[in-house]
Amino acid sequence: MIRVEVVYSPGPSQVDRVELVLAEGSLLAQALEQSGVLERHGLNLASLRAGVWGRVQDLQTPLRDRDRVEVYRALQCDPKEARRLRYKKKPAKTPGRRSKATSL
């Protein structure tokens with residue numbers, strides 16, 4: 001028997017985490033089906049991206065003991081664009097005086 005963890009984050013600050021005990025040789029797809037994550041969040045197994053420990057894997061990948069199966073969702077926006085937007089929102093810095101450190 002092997003123990004695995006299935007994790008899915010449907011949104012910011014939300015995590016659905018399930019620990020499973022599976023038979024030796026179980027596949028990534030079997031872990032996803034047995035976890036119930038697909039049903040709870042209305043996910044389609046054929047169209048989703050999943051992986052083990054941060055690396056995208058095929059659904060037929062055999063799992064090992066203590067693997068962490070992760071379900072990945074699509075990005076809402078390009079990370080570079082999000083960074084640009086955050087930068088534009090910051091107020092412009094005004095030049096200020098620096099106080100000189102006095103030595104004794």
Side-chain angles (χ1 to χ4, degrees):
M1 300 302 271
I2 61 172
R3 293 185 329 206
V4 298
E5 179 181 46
V6 178
V7 181
Y8 175 64
S9 176
S13 301
Q14 300 174 355
V15 178
D16 186 349
R17 183 177 151 270
V18 179
E19 291 186 22
L20 299 172
V21 177
L22 302 170
E24 290 281 337
S26 293
L27 304 177
L28 188 125
Q30 292 170 328
L32 291 171
E33 290 169 349
Q34 290 183 23
S35 71
V37 170
L38 302 176
E39 293 82 25
R40 281 194 298 278
H41 300 285
L43 302 173
N44 180 5
L45 183 62
S47 65
L48 73 95
R49 293 181 60 207
V52 178
W53 290 112
R55 294 182 181 221
V56 176
Q57 300 287 333
D58 184 59
L59 293 175
Q60 300 305 312
T61 302
L63 298 173
R64 297 183 296 191
D65 192 33
R66 299 184 183 240
D67 271 346
R68 177 183 169 102
V69 175
E70 302 164 339
V71 180
Y72 307 118
R73 57 187 162 95
L75 295 175
Q76 297 297 319
C77 66
D78 177 33
K80 289 181 183 178
E81 185 61 29
R83 204 171 304 121
R84 282 188 204 104
L85 292 173
R86 282 194 307 271
Y87 178 75
K88 286 181 181 179
K89 285 184 182 178
K90 286 186 179 181
K93 290 186 177 181
T94 56
R97 279 183 42 164
R98 280 188 161 176
S99 62
K100 291 185 181 181
T102 57
S103 60
L104 298 173

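Reckoned from all heavy atoms, side chains included, excluding hydrogens, waters and symmetry mates.
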_Taking ring pair (Phe, Tyr, Trp, His ring centres under 6.0 Å) as the cut-off, I'd like each qualifying pair that reaches into residues 48-83, sequence neighbours left out, listed once._
none
*asked:* I need the full list of ring pair (Phe, Tyr, Trp, His ring centres under 6.0 Å) pairs touching residues 9-37, with sequence neighbours left out, sorted by first then second residue.
replied: none
*Does the side chain of Lys88 come within less than 4.5 Å of Arg86's, by heavy atoms?*
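Result no, sub-4.5 Å side-chain heavy-atom pair not found.
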[atom2] on [Y] to [atom1] on [X], rounded to 0.5 Å:
{"X": "Leu63", "Y": "Glu24", "atom1": "CG", "atom2": "CD", "answer": "10.5 Å"}
{"X": "Leu20", "Y": "Ile2", "atom1": "CG", "atom2": "CD1", "answer": "9.5 Å"}
{"X": "Glu5", "Y": "Asp67", "atom1": "CD", "atom2": "CG", "answer": "10.5 Å"}
{"X": "Glu33", "Y": "Leu59", "atom1": "CD", "atom2": "CG", "answer": "9.0 Å"}

*For the side chain of Ser9 and the backbone of Gln14, is there at least one donor-acceptor N/O pair under 3.5 Å apart?*
yes
*State whether the side chain of Gln30 and the backbone N or O of Leu27 hold a donor-acceptor pair below 3.5 Å, judged by distance alone.*
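Flag set: sc Gln30 to bb Leu27 pair under 3.5 Å.
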*Shared ILVMFWY cluster between Val6 and Val56, side chains joined below 4.5 angstrom?*
no
*Are Val52 and Val7 connected in the hydrophobic side-chain network, where two residues link if heavy atoms are under 4.5 Å apart?*
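The answer is no; the residues belong to distinct hydrophobic clusters.
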_The criterion is salt bridge (Lys or Arg N to Asp or Glu O under 4.0 Å); which residues satisfy it with Glu39, sequence neighbours excluded?_
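Result, salt bridge (Lys or Arg N to Asp or Glu O under 4.0 Å) vs Glu39: none returned.
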_Please enumerate all residues that pass salt bridge (Lys or Arg N to Asp or Glu O under 4.0 Å) together with Glu19, with sequence neighbours excluded._
Arg17
_Among Val37, Val69, Val18, Leu43, the one residue meeting side-chain contact (heavy atoms from CB on, under 4.5 Å) with Leu32_ = Val69
*List the atom of Ala31, the atom of Val4, and the distance in Å for their closest heavy-atom pair.*
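Heavy-atom minimum between the residues: CB-CG2, 4.4 Å.
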*Give a yes or no on whether a salt bridge exists between Arg68 and Glu70, defined as a side-chain N under 4.0 angstrom from a carboxylate O.*
yes
*Members besides Met1 in its Ile/Leu/Val/Met/Phe/Trp/Tyr cluster (side-chain heavy atoms under 4.5 Å)*: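 Other cluster members: Val21.
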*asked:* Could you go through Gln34 and Leu22, starting from their C-alpha distance and side-chain angles, then the distance that decides it, and tell me whether this counts as side-chain contact (heavy atoms from CB on, under 4.5 Å)?
replied: CA-CA 9 Å; Gln34 290 183 23; Leu22 302 170; 2.9 Å; yes
_Quick check on Arg64: does its CZ atom have over 12 non-hydrogen neighbours (other residues, nucleotides or ligands) under 6.0 Å away?_
no
*side chain to side chain donor-acceptor pair (under 3.5 Å): which pairs involve residues 40-52, sequence neighbours left out?*
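As it turns out, the side chain to side chain donor-acceptor pair (under 3.5 Å) pairs with a partner in residues 40-52, which skip direct neighbours, are Asp16-Arg40, Asp16-His41.
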